[in-house]
Amino acid sequence: MNIHQVSTESLTKAAEILRNGGLVAFPTETVYGLGADAFNPNALTRVFEVKGRPRFDPLIIHIASLETLESVAALSLLSEEKRKKLYQLAENFWPGPLSIVLPKNDRIPGIATAGLSTAAIRFPSHDTAQKLISLSTGAVAAPSANPFGSISPTRAEHVRIGLGQKIDMILDGGSTLIGLESTVIDITGEQIKLLRPGGTPKEVIESLIGTVLCPQTDTQNELCPQKEEQLCPQTSPGQLKSHYAPKTPLFALSREEIIGQTYENGSAYLFFDGNTRDSWLKTQNPPDSAVIKVLSESGQVTEAASHLFETLHELDNSSILRIFAQFAPPHGLGIAINDRLKRASV
Ligand code: TXA
Ligand code: MG
């Protein structure tokens, strides 16, 4: 099999594959990425084919040093004020789970950005990701390493099951730390916009640079507690409703709603915290074989985020018929959890 543990040899081999136009799945601190040389249009085309991803959904370009930023972005097209904001963001959140939409450099082929004049750039903090990017051309386009529309991989094994035969190599660096994707923000417009909630909480970004507008979503109070969505019509081209979906039907419920669910055979119950599970158990008498999961026993959103996709993969590979999942409290990574649950739900 083409899964390799991370080592000097496997990294060298992986970088060579990338330089030659091949595809390598690699760990980042968020989820596993499916890497291709960001300057090579043929390699980029293969990424879309292998994932079954629509061509209108642009890729994130990963770099491994601030010095290489200008090789992928055209910073001269940003106003001085925006450049200042960019460097504030970069100093505070890079390397890390934040992708910033910037004017793209002409060296990045249009296929990478779905024809847009902007590119989402990310400098990941994962050591393996950084080494791989540095050893290759310095710019690696990488969507999450899953077939389009399914749950993102947090382990090499998830990549093997989803894409194994179609790609050239999988670098196994164990489970990813954060467990869901990076936050995507767009700083190219008049106002700074959140395009996808993710590993860097919106409120943390706002404490540094001021108001960040929410994307337009349906009536997602959990995602957008301040109801700012009306202010912002734009969203990421790839943010489709039916994204991150397990094969098993999933119903996302509030705390009150899940506590009110009567136990049914064949259903899995995915609680946000131990306290809610205990409240539910007071009125229910499920058999020992019941599938009952808790994302964070003590109710920590960061811990819950790191278990979300992992647990959905596990449930998807079992024989259960439906999943009842509880929303997280809408703060910090809870907002990203709720976004993914909404998109995973039927
Ligand atoms: O954590 C992550 O971001 C992972 C790891 C591998 O880095 N990558 C990831 O990539 O989640 P992907 O392709 O699954 O999601 C990329 C998101 C999509 O929603 C896409 O629409 C948005 O970023 N995006 C990319 N370029 C964009 C652009 N120029 N303008 C607006 N949105 C963009
Ligand atoms: Mg994805």
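If you read the sequence from its start, that first residue is 1, and numbering goes on from there. Ligands are counted one by one from 1 in listed order, and the atoms in each one are counted from 1 as well.
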Ligand 1 atoms in contact with [X] (distance to a heavy atom under 4.0 Å):
{"X": "His62", "result": "5 (C), 6 (C), 7 (O)"}
{"X": "Ser144", "result": "8 (N), 9 (C), 10 (O), 12 (P), 14 (O)"}
{"X": "Leu195", "result": "31 (C), 32 (N)"}
{"X": "Leu116", "result": "28 (C), 29 (N), 30 (N)"}
{"X": "Ala142", "result": "6 (C), 8 (N), 10 (O)"}
{"X": "Ala120", "result": "25 (C), 26 (N), 27 (C), 29 (N)"}
{"X": "Arg122", "result": "1 (O), 2 (C), 3 (O), 5 (C), 7 (O)"}
{"X": "Pro143", "result": "10 (O), 12 (P), 13 (O)"}

Check this for me: does any side-chain nitrogen of one of [X] and [Y] sit under 4.0 Å from a carboxylate oxygen of the other?
{"X": "Arg277", "Y": "Asp273", "value": "no"}
{"X": "Arg122", "Y": "Glu29", "value": "yes"}
{"X": "Glu49", "Y": "Lys166", "value": "no"}
{"X": "Lys13", "Y": "Glu9", "value": "no"}
{"X": "Asp278", "Y": "Lys282", "value": "no"}
{"X": "Arg196", "Y": "Asp186", "value": "no"}

Take the angle between the ring planes of His313 and His158 and call it parallel below 30°, perpendicular above 60°, tilted in between.
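If you compare the ring of His313 with that of His158, the planes turn out parallel.
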
Taking the minimum heavy-atom distance to atom 2 (C) of ligand 1, which of Ala112, Gly199, Gly35, Ser182 ranks first?
Ser182

I'd like the name of whichever of Leu102, Ile60, Val101 reaches closest to atom 23 (O) of ligand 1 through any heavy atom.
Ile60

Quick check: [X] and ligand 1, any N/O pair under 3.5 Å apart?
{"X": "Thr30", "result": "yes"}
{"X": "Tyr32", "result": "no"}
{"X": "Arg53", "result": "yes"}
{"X": "Glu181", "result": "no"}

Validation row: Leu18, Asn40 side chains within 4.5 angstrom (heavy atoms):
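Of all side-chain heavy-atom pairs linking Asn40 with Leu18, none is under 4.5 Å.
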
So Arg160 and Ile170, do their side chains get closer than 4.5 Å, heavy atoms only?
yes

Indicate, as side chain, backbone, both or neither, the part of [X] found under 4.0 angstrom from ligand 1 when only non-hydrogen atoms are considered.
{"X": "Ala119", "answer": "backbone"}
{"X": "Thr113", "answer": "neither"}
{"X": "Asp186", "answer": "neither"}

When you look at CD of Glu16, are more than 12 heavy atoms from neighbouring residues, nucleotides or ligands closer to it than 6.0 Å?
no

Heavy-atom pair of closest approach, residues Thr262 and Tyr269
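Of all heavy-atom pairs spanning Thr262 and Tyr269, the closest is O-OH, 3.4 Å.
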
So that I can check it, does any N, O or S atom in Ser144 come closer than 2.8 Å to the Mg ion (ligand 2)?
yes

